[in-house]
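Have a look at the structure below before the remarks.
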Amino acid sequence: MPERKSFIRDIIDEDLKTNKYGGRVQTRFPPEPNGYLHIGHAKSICLNFGLARDYKGFCNLRFDDTNPTKEEMEYVESIQRDVKWLGFDWDGRLFYASDYFEQLYEYAAQLIKKGKAYVCDLTADEVRKHRGTLTEPGKDSPYRNRSVEENLDLFERMRKGEFPDGTRTLRAKINMASPNLNMRDPVMYRVLHASHHRTGETWCVYPTYDWAHGQSDSIEQITHSVCTLEFADHRPLYDWFLDALGIYHPQQIEFARLNLTYTVMSKRKLLQLVEEGFVNGWNDPRMPTISGLRRRGYTPKSLRLFADRIGVARSESTVDVAMLEDCLRDDLNKRARRVMAVLRPIRLVIENYPEEVVEELDAVNNPEDASMGTRKLPFSKVLYIERDDFREDPPKKYFRLSPGAEVRLRYAYIIKCTGFKKDEKTGEITELQCTYDPETRSGLPQSSRKVKGTIHWVSAQHAVDAEARLYDRLFNIEGPGGEDWRDFINSKALEVLKGCKVEQNLQRAKPEEVFQFERVGYFCVDEDSRKGNLVFNRSVTLRDTWAKIEKKDN
RNA sequence: UGGGGCGUAGCCAAGCGGUAAGGCAACGGCCUUUGGAGCCGUCAUUCGGAGGUUCGAAUCCUCCCGCCCCAGCCA
């Protein structure tokens, strides 16, 4: 599939033409291990690894682990799992910013020696006050002009742990009057007596993102350092550090991060959803995390397709979640095995069908792919059909069962509804009575008779019980923002159905296997599923033309 | 209004001076033993607005308007 072009590819094409990097293309995906990856990261992964693949280059996986207070091993493990699952391979190029701590420290000392960095004794609060505002310049720190010797000595003592947290920082000496706040003597190191998930107690000074990122890119000989738009303001600083050091200089390129309707994407909010119990963990199928989408039944291919379809640009955008859903259907339509499953069963008795007979009927596994073959379906006198496939008073254009109406049972017979039982107290229909026409069995000449509707069914005595978890959008509104974003959480985003009846072929289905429940939707087997207690997640519904008609006619 | 970025259909998004791709959604129709899938068609005389340059402008220039990001020792 030809990759869609983008402004980033234009830049790379140009760099290749001018031989800027000797014909190399080297990218990197640099997550901070402080949470699980979400679909926005998937966009970035597909972008960075996709660039490397298409230009015969490489893409590194690098953990940006410069803040030990927020990072954990659990996250670095989940991130590797998710990247691999998405279908990408860093092929041995797995790095950590913490691998470069010693080198970074050395670089910092170089800047001090060049008079381009200094140790500052201002507290965080004082630094803020000195920084100025958007419209007023900042004031120089009183420690800005310390001698190289004093700075070197202090910096070394910071590393040795002589000073408490927050008492001193190493700052770049740039310009406190710069209109770009990032250039007003940004902090390079802070004192932090915290245990790091990889370096343990080795360090008590940690580099900031601005100081670590560009230099890490340089060390790894990255050519195109692709990041999101909010870092565009940092690019002058990124460039300044590299130039001040006089080392290999990659090019930072920014693109717009992904936003999706009816969900939230910030790591902070996702963490809150998990910690405050609105969902059951990072991989809850309602979450936009990669692991959540995976459990929901999304396939790596569908996510890659999605990344291709939405493209890469610099304009802030919010993609309609319907686009994502369509990508899943697109993939699963061609691959998913079709099965019969009745979610809300209602008993149906075929009165003129013999008591003890069980027929084996042929069913197609996937009409899109004949190579997937056929299977046998048992048929008998008592069946279950979907409650929604019967109406006592059918609305206009309703093609399914109703008193006196005919309908085709998929792969079986045409039946006619002759009566029904109703619980007079609740008004609930408890059983349907039908007759069948023996001449209309699928394959027989009479089976080509036209009937308006075809419905799915399972044989009552052969069906297997199952649980279905139906998911809907996590939020009730398109863009849940603001401080009260939690108020818009959709309390009906999960509906659990027990006592569903599915065809017996499903008995041995394993977690993550996906199926199309005919006429209903795509479902995958959940990890909670057990033999004898099958659990299915609804990944996405099928397009439902009838629902649309009914909604329109109200 | 200090700096940076962005405005093309309901939502994404091509377009790079020669007369508005594509996808999603929506809406018609065909087809159908999934109201699925598939197929056909409709959907921007106009590109945030106003001027200007040009034979010709979404593309170049000027001004204006709107939205997003930045005042963490987070990334």
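In the text below, chain A, chain B and the rest are named by the order of the sequence lines, each starting its count at 1.
Taking the P atom of each, C63(B) and C68(B) are spaced 23 Å apart, rounded to whole Å. Spacing of P atoms, U46(B) relative to C67(B), comes out at 25 Å, to the nearest Å. Comparing G52(B) with C11(B), their C1' atoms sit 34 Å apart, to the nearest whole Å. A distance of about 14 Å separates the P atoms of C61(B) and C6(B), rounded to the whole Å. Spacing of P atoms, A58(B) relative to G17(B), comes out at 13 Å, to the nearest Å. A13(B) and A75(B) have their C1' atoms separated by 29 Å, with the value rounded to a whole Å. C27(B) and C69(B): their P atoms are spaced 34 Å apart (whole Å). A gap of 16 Å separates the P atoms of U32(B) and C39(B), to the nearest Å.
In this entry the distance linking CD of Glu478(A) with C1' of A25(B) reads 11 Å, nearest Å. If you take CZ of Phe7(A) and C1' of G5(B), they are 11 Å apart, rounded to a whole angstrom. At whole-Å resolution of the value, CD in Glu14(A) and P in C16(B) are 16 Å apart. Following rounding to the nearest Å, Phe255(A) (CZ) and C68(B) (C1') show an atom-to-atom distance of 16 Å. Note: OH (Tyr262(A)) to C1' (G10(B)) measures 12 Å, nearest angstrom. Taking atom CH2 of Trp240(A) as the reference point, atom P of G3(B) lies 22 Å away to the nearest angstrom. One can place CG of Leu305(A) at 13 Å from C1' of C12(B), the figure rounded to the nearest angstrom. Distance CG (Asn180(A)) to P (C70(B)): 13 Å, rounded to an integer number of Å.
For Tyr209(A) and Phe231(A), the ring centers sit closer than 6.0 Å to each other. For Phe523(A) and Phe515(A), the gap between ring centers reaches or exceeds 6.0 Å.
The one candidate from Leu260(A), Asp320(A), Val319(A) that meets the side-chain contact (heavy atoms from CB on, under 4.5 Å) condition with Ile310(A) is Val319(A).
In terms of phosphate contacts, Lys548(A) brings a side-chain nitrogen or oxygen within less than 4.0 Å of OP1 or OP2 of A26(B). At the phosphate of A26(B), neither OP1 nor OP2 sits under 4.0 Å from any side-chain N or O atom of Lys552(A).
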Protein and nucleotides 57-60 of chain B: nitrogen or oxygen contacts under 3.5 angstrom:
none

Could you run down the sub-3.5 Å N/O contacts of the protein with nucleotides 73-75 of chain B?
unit_1, atom_1, unit_2, atom_2, d
C73(B), OP1, Arg131(A), NH2, 3.4
C73(B), OP2, Arg131(A), NH1, 3.1
C73(B), N3, Gly166(A), O, 3.4
C73(B), N4, Leu122(A), O, 2.7
C73(B), N4, Ala124(A), N, 3.0
C73(B), N4, Gly166(A), O, 3.0
C74(B), OP2, Arg190(A), NE, 3.1
C74(B), OP2, Arg190(A), NH2, 2.8
C74(B), O3', Arg190(A), NH2, 3.4
C74(B), O2', Asn67(A), ND2, 3.1
A75(B), OP1, Thr66(A), OG1, 2.6
A75(B), OP1, Arg190(A), NH1, 3.3
A75(B), OP1, Arg190(A), NH2, 3.1
A75(B), OP2, Tyr209(A), N, 2.9
A75(B), N6, His234(A), NE2, 3.3

Could you walk me through whether Asp125(A) and Lys129(A) pass salt bridge (charged side-chain N to carboxylate O under 4.0 Å, His left out), step by step? CA-CA 6 Å; Asp125(A) 210 44; Lys129(A) 283 177 182 137; 3.2 Å; yes

Kindly indicate, with the supporting measurements, whether the criterion side-chain hydrogen bond (donor to acceptor under 3.5 Å, both in side chains) is fulfilled by Arg28(A) and Ser225(A). CA-CA 7 Å; Arg28(A) 103 265 92 112; Ser225(A) 179; 3.1 Å; yes

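As judged by a 4.0 angstrom heavy-atom cut-off over every strand, Leu134(A) is placed among the base-contacting residues.
Within a 6.0 Å sphere centred on NZ of Lys416(A), heavy atoms belonging to other residues, nucleotides or ligands number 12 at most.
Between Arg473(A) and Glu325(A) there is a salt bridge, since at least one side-chain N of the basic residue sits less than 4.0 Å from a carboxylate O of the acidic one.
Annotated as syn: G72(B), whose glycosidic dihedral is within 90° of 0.
Counting only N and O atoms by type, the side chains of Glu359(A) and Tyr413(A) include a donor and acceptor under 3.5 Å apart. Side-chain polar atoms of Asn366(A) and Glu368(A) form no donor-acceptor pair below 3.5 angstrom. No hydrogens or angles considered: nothing links the side chains of Asp362(A) and Thr374(A) as a donor-acceptor pair under 3.5 Å.
Both tests hold for Arg198(A) against Tyr96(A): distance to the six-membered ring centre under 6.0 Å, angle to the ring axis within 45°. Phe95(A) does not carry Arg62(A) over the face of its six-membered ring by the limits of under 6.0 Å from the centre and within 45° of the normal.
The strand RNA chain B forms stems, runs of 3 or more Watson-Crick or G-U wobble pairs with distances below 3.5 Å, at B:2-7 with B:65-70, B:10-12 with B:22-24, B:26-30 with B:38-42, B:48-52 with B:60-64.
The stretch residues 313-327 of chain A touches RNA chain B through Ala313(A), Arg314(A), Ser315(A), Glu316(A), Ser317(A), Thr318(A), Val319(A), Asp320(A), Ala322(A), Met323(A), Asp326(A), each having a heavy atom within less than 4.0 Å of the strand.
The aromatic rings of Tyr189(A) and Tyr105(A) stand perpendicular to each other, their planes meeting at an angle above 60°, with 30° marking the opposite boundary.
If you take CZ on Phe63(A) and CD on Glu71(A), they are separated by 10.5 Å, rounding to the nearest 0.5 Å. The distance from the CD atom of Glu550(A) to the OG1 atom of Thr545(A) is 12.5 Å, given to the nearest 0.5 Å.
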Reading nucleotides 31-36 of chain B from 5' to 3' and marking B where a protein heavy atom lies under 4.0 Å of the base, S where only the sugar-phosphate is that close, and - otherwise, the string is --BBBB

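Here the side chains of Leu37(A) and Ile45(A) are in contact, with some heavy-atom distance below 4.5 Å. When side chains are defined from C-beta on, Leu324(A) counts as touching Leu303(A), because their heavy atoms get closer than 4.5 Å.
Partners of Ser447(A) according to the side-chain contact (heavy atoms from CB on, under 4.5 Å) rule, which considers only residues two or more places apart in sequence or in another chain, are Arg408(A).
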